[in-house]
Amino acid sequence: MDQTNSSRPSDFIRDIIDDDFKTNKHQGRVAVRFPPEPNGYLHIGHAKSVCLNFGIAAQYGGTCNLRMDDTDPSGESMEYVESIIRDIQWLGFDWGDRLFFASDYYERLYEYAVQMIKEGKAFVCDLDVDEMREHRGSFTEPGRESPYRNRPVEENLDLFERMRAGEFEEGTHTLRAKIDMASPNITMRDPIMYRIKKEAHYRTGNKWCIYPMYDFTHCLSDSLERITHSICTLEFENNRPLYDWFLEAVNADYRPQQIEFARLNLTYTIMSKRLLIELVSKGIVKGWNDPLMPTITGMRRRGYTPAAIRDFCDRIGVAKNDSMIDMALLENCVRDDLNQTTPRVMAVLRPLKVIIDNYPDDQVEEFDCPFHPQNPDMGSRKVPFSKVLYIERDDFMEDPPKKFFRMAIGREVRLRYGYFVTCVDVVKDRDTGEVVELHCTYDPETRSGFAPDGRKVKATIHWVSAAHSIPAEVRLYDRLFQVADPLEDDFDYMKHLNPNSLEVLTSCRVDPSLANAEPESRYQFERLGYFCVDSVDSSAANLVFNRTVTLRDSWVKIARKGEK
RNA sequence: UGGGGCGUCGUCAAGCGGUAAGACACAGGAUUUUGGUUCCUGCAUGCGGAGGUUCGAAUCCUCCCGCCCCAGCCA
């Protein structure tokens, strides 16, 4: 029994690579690449591809290049390049010195194009957009050949040279591959190789005013980089014949294999770059790094860990089925990681004042509280206890349903690591009737939350000392959309935005040990969830925490059942 | 509609002719100073449908049905 690969993810792509190893197709070499276009931020869908490609390279002792697929100057920028680099590094991957840019291949691509013209495989076309669309035909009708298709080679050469020289206006000329206007695959109907764009490129500046199209660029870039397996998403399946055609047309000395897999879809969010841009530009979210965003940078700010994201990508698998992954799986992955790695701490989000009537007025005790109950190696901290405390408003009910075990009048509960206390009185606002203060008595014999007589208590609740805890702002994030698939039916996703995706709490009180919490540091606020220090807005003077994800909460289920 | 893909549990996903892995979700239960964690248990006589081949079919064949992608000088 071969156990060596039992825990390794396997999938149809790795099967292909395994076969190639057996037949020695690439002399045991595996070279892949991750080719983002720097016109937006990376999101969790890209992470799937990043983990796939870099994961394969690592698993097979191969390489994974990072290549900026920058062939369209509009929308591309250095800011995006930098964000992509930052995000992939943060995810934990390394491409060594193999950072490439399609824009570095412009000159060679131009030479390939000239070669194709000379061999009668490409021609300069004077059709404008509308005419070209009209000539393209439809799904059912073949296209018609461009009247410029049979121009003499010399004329094509001259025209293409002048296109490069900037003699023509945008939209007046294109360079097209001469393939087959009757092909049932529309991609093959004399596709455009170059178009004129009098736009500065973020890297090449004004050196070029013609830019190569994706189909022409990508396969040749892969070939130049000696990529063995060019992994992309399903929508490029139609383009594969063209990928192979260009390689053949220029008689490439190296021909990579394109393999397509299904892109990631996640419930309760959207993945389309275009729509994410819209969320940012319309101010629905506060930027690409808004913790509500499914972007890597947004998730990072929210408190997700690289390990959790990598684990998620391993668990979802790689296949060709269109799929919609349940957000609950992602949440499970973060909880799983954070549960093991995160120190526990007490924080009260919606404070309710509690006075321990029989506790000495000026006494302050310190309790030793472990940072992780299952992992003593994480150490502990001292937490001050005094006569006036805060507990969570949700942890008290005046008229509790039968299954509510927390604080209620006359009921004894445990203050975590503190004492057993019994609520003896409720103070309400004279006008509103709102509960403003609780009076309790404590049992001095139950120090640290232990009853020497062995008596049990149904609940343990968290608390902070009013005088010693420190104020903080806490941002409660929830799902961006209220429905699993915001694009279902009419694509009018805006109407599905979750109005409660963010709740800001400004009067929270947190464990004093958090006073010097570093930006991006993560904690479990006991009984509440996982939180991290906001990397943008938090400071020592004004602590801000973001909720990454709640703890699994079986109480809400019980409470919901009770309502019925 | 022409072409290209895909249909296995609520959601993902193994399976590659020998009689349906696993994960998440869900439902029970045990342990618990987090209604957390952990640990047990349950969860497809069924693989889009109908025929056929075979001793034997999710796997092979035929037909049918459904979903996704393609008519940007985007990638």
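Only heavy atoms go into these numbers, but all of them, side chains included; no hydrogens, no water, no symmetry mates. We name chains A, B, ... by the order of the sequence lines, and we start the count at 1 in each one.
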Any donor-acceptor N/O pair under 3.5 Å between B:rC69 base and A:Asn238 side chain: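 Checked by distance alone, the answer is yes.
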Measure all distances between protein nitrogen or oxygen atoms and nitrogen or oxygen atoms of nucleotides 57-59 of chain B, and list the pairs falling under 3.5 Å.
none

Listed nucleotide nearest any side-chain atom of A:Glu237, set B:rG4, B:rG35, B:rU34: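 The answer is B:rG4, which lies nearest to the side chain.
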Minimum-distance nucleotide to A:Arg136 side chain [options: B:rG72, B:rA75, B:rU1]: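 That would be B:rG72.
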Sequence-distant partners of A:Tyr41, ring pair (Phe, Tyr, Trp, His ring centres under 6.0 Å), two or more places apart: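 Applying ring pair (Phe, Tyr, Trp, His ring centres under 6.0 Å) to A:Tyr41 gives A:Tyr80, A:Trp288.
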Complement of B:rG36, any strand, by Watson-Crick or G-U distances under 3.5 angstrom: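 Because no pair has both required distances under 3.5 Å, B:rG36 counts as unpaired.
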Among B:rA75, B:rG5, B:rA71, the one nearest A:Thr71 by side-chain distance: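 Closest of the options to the side chain of A:Thr71: B:rA75.
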Nearest-Å distance for atom pair CG/P, residues A:Leu242 and B:rA71: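 It works out to 13 Å between those atoms.
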Euclidean distance for P, B:rC73 against B:rA14 (whole angstrom):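 Pairwise P distance, B:rC73 against B:rA14, rounds to 36 Å.
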Pair A:Asn185-A:Ser183, side-chain donor/acceptor within less than 3.5 Å: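 No donor-acceptor contact under 3.5 Å links the two side chains.
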Side-chain touch A:Leu247/A:Ser223, heavy atoms, less than 4.5 angstrom: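 A:Leu247 vs A:Ser223: side chains touch.
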A:Asn321 side-chain N/O to B:rA13 phosphate OP1/OP2 under 4.0 Å: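 A:Asn321 to B:rA13 OP1/OP2: side-chain N or O found under 4.0 Å.
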Sugar-phosphate only, base, or nothing, as touched by A:Phe450 at under 4.0 Å among non-hydrogen atoms: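 Since a base atom lies under 4.0 Å of A:Phe450, the category is base.
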P gap between B:rG49 and B:rA58, integer Å: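 Looking at atom P only, B:rG49 and B:rA58 are 11 Å apart.
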Sugar-phosphate, base or nothing in reach of A:Lys458, heavy atoms under 4.0 Å: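 No contact.
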Ring geometry between A:Phe531 and A:Phe525 (parallel below 30°, tilted from 30 to 60°, perpendicular above 60°):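 Rings of A:Phe525 and A:Phe531: parallel, as their planes differ by under 30°.
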Rounded interatomic separation in angstrom, taking CD1 from A:Ile461 and P from B:rU32: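 To the nearest whole Å, that distance equals 21 Å.
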Pairing partner (Watson-Crick or G-U wobble, both distances under 3.5 angstrom) of B:rA20: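 Pair assignment: B:rA20 / none.
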Minimum heavy-atom distance between A:Arg393 and A:Leu352, given as atom pair plus value: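 Minimum heavy-atom separation between A:Arg393 and A:Leu352: NH2-CD1, 3.7 Å.
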Whole-Å gap separating C1' (B:rU37) and CZ (A:Arg527):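 Whole-Å distance recorded here is 15 Å.
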Among B:rC16, B:rG36, B:rG35, the nucleotide that comes nearest once only the side chain of A:Leu551 is considered: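 Side chain of A:Leu551 sits closest to B:rG36.
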Base B:rU34 paired with A:Gln524 side chain (donor-acceptor, <3.5 Å):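 By the distance-only test, yes, there is a pair.
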Sugar-phosphate, base or nothing in reach of A:Asp128, heavy atoms under 4.0 Å: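 Result for A:Asp128 = base.
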Could I get a table of every N or O pair under 3.5 Å where one atom is in the protein and the other is in nucleotides 64-67 of chain B?
none

Closest listed nucleotide, where the reference is the side chain of A:Ser554 and the choices are B:rA71, B:rG35, B:rA75: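 Looking only at heavy atoms from C-beta outward on A:Ser554, the closest nucleotide is B:rG35.
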Per A:Lys320 side chain, nearest of listed nucleotides B:rG5, B:rU8, B:rG35: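 Minimum distance to the A:Lys320 side chain belongs to B:rG5.
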Sugar-phosphate, base or nothing in reach of A:Ile558, heavy atoms under 4.0 Å: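 Base contact.
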Sugar-phosphate only, base, or nothing, as touched by A:Leu127 at under 4.0 Å among non-hydrogen atoms: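 Base contact.
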Ring pair (Phe, Tyr, Trp, His ring centres under 6.0 Å) assessment of A:Tyr194 paired with A:Phe216: CA-CA 8 Å; A:Tyr194 273 89; A:Phe216 180 61; 5.8 Å; yes
Closest nucleotide among B:rG35, B:rU34, B:rG72 to the A:Phe405 side chain: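 Between B:rG35, B:rU34, B:rG72, the one nearest the side chain of A:Phe405 would be B:rG35.
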Residues A:Thr187, A:Asn238; criterion side chain to side chain donor-acceptor pair (under 3.5 Å); working and verdict: CA-CA 7 Å; A:Thr187 309; A:Asn238 295 320; 5.5 Å; no
Touch class at under 4.0 angstrom, heavy-atom based, for A:Ser323 against every strand present: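 Sugar-phosphate only.
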Where at least one partner belongs to residues 130-139 of chain A, residue pairs that pass side chain to side chain donor-acceptor pair (under 3.5 Å), sequence neighbours excluded: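 Passing the test, one end in residues 130-139 of chain A: A:Asp130-A:Arg133, A:Glu134-A:Arg144, A:His135-A:Arg144, A:Ser138-A:Thr140, A:Ser138-A:Glu141.
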Under 3.5 Å on both distances, the Watson-Crick or G-U partner of B:rC26: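 Answer to the pairing question: B:rG42, which forms a Watson-Crick or G-U pair with B:rC26.
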Contact summary for A:Ile192 and A:Arg176, nearest pair of heavy atoms: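 Here A:Ile192 and A:Arg176 meet closest at CG1-CD, 4.0 Å.
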Sequence neighbours excluded - salt bridge (charged side-chain N to carboxylate O under 4.0 Å, His left out) pairs with any residue from residues 33-50 of chain A: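 Sorted result for residues 33-50 of chain A: A:Arg33-A:Asp222.
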Rounded interatomic separation in angstrom, taking CZ from A:Phe261 and P from B:rA13: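 Going from CZ in A:Phe261 over to P in B:rA13 covers 12 Å.
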A:Ser74 side-chain N/O to B:rC74 phosphate OP1/OP2 under 4.0 Å: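 For B:rC74, OP1/OP2 do not have a side-chain N/O of A:Ser74 under 4.0 Å.
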Touch class at under 4.0 angstrom, heavy-atom based, for A:Arg344 against every strand present: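 Answer is base: heavy atoms of A:Arg344 come under 4.0 Å of a base.
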Separation of B:rA13 P from A:Asp15 CG (nearest whole Å):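 Roughly 14 Å, once rounded to whole Å.
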Trace of the salt bridge (Lys or Arg N to Asp or Glu O under 4.0 Å) decision for A:Asp443 with A:Arg455: CA-CA 12 Å; A:Asp443 177 356; A:Arg455 77 178 185 277; 2.8 Å; yes
Watson-Crick or G-U wobble mate for B:rG7, both contacts under 3.5 Å: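 Its partner is B:rC65 (Watson-Crick or G-U wobble, both distances under 3.5 Å).
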Plane angle bin for A:Tyr523 and A:Phe545 - parallel if under 30°, tilted between 30 and 60°, otherwise perpendicular: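 The rings of A:Phe545 and A:Tyr523 stand perpendicular, inter-plane angle above 60°.
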Short side-chain N/O contact from A:Arg406 to OP1 or OP2 of B:rG35, under 4.0 Å: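 It does not, given that no N or O in the side chain of A:Arg406 lies less than 4.0 Å from OP1 or OP2 of B:rG35.
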Mutual orientation of the aromatic rings belonging to A:Tyr110 and A:Phe160 [parallel < 30°, tilted 30-60°, perpendicular > 60°]: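 It falls in the parallel class, under 30°.
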Reading 5' to 3' through nucleotides 22-30 of chain B, protein heavy-atom contacts under 4.0 Å coded B for base, S for sugar-phosphate only, - for none: -SSSSSS--
Proximal nucleotide (of B:rG2, B:rC70, B:rG35) relative to the A:Thr140 side chain: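 Output: B:rG2.
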Under 3.5 Å donor-acceptor pair, A:Asn185 side-chain atoms to B:rG2 base atoms: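 In this structure, the two groups form no donor-acceptor pair.
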A:Arg203/A:Asp104 ion pair, N-O < 4.0 Å: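 Yes.
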Sugar-phosphate only, base, or nothing, as touched by A:Phe404 at under 4.0 Å among non-hydrogen atoms: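 It contacts base atoms.
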Shortest side-chain distance from A:Ala319, nucleotide among B:rA75, B:rG35, B:rA13: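 Minimum distance to the A:Ala319 side chain belongs to B:rA13.
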Sugar-phosphate, base or nothing in reach of A:Asn239, heavy atoms under 4.0 Å: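 Counting heavy atoms under 4.0 Å across all strands, the contact made by A:Asn239 includes a base.
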Among B:rC73, B:rC70, B:rA75, the nucleotide that comes nearest once only the side chain of A:Ile186 is considered: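 Of the candidates, B:rC70 comes closest.
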Sugar-phosphate only, base, or nothing, as touched by A:Phe236 at under 4.0 Å among non-hydrogen atoms: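 Counting heavy atoms under 4.0 Å across all strands, the contact made by A:Phe236 includes a base.
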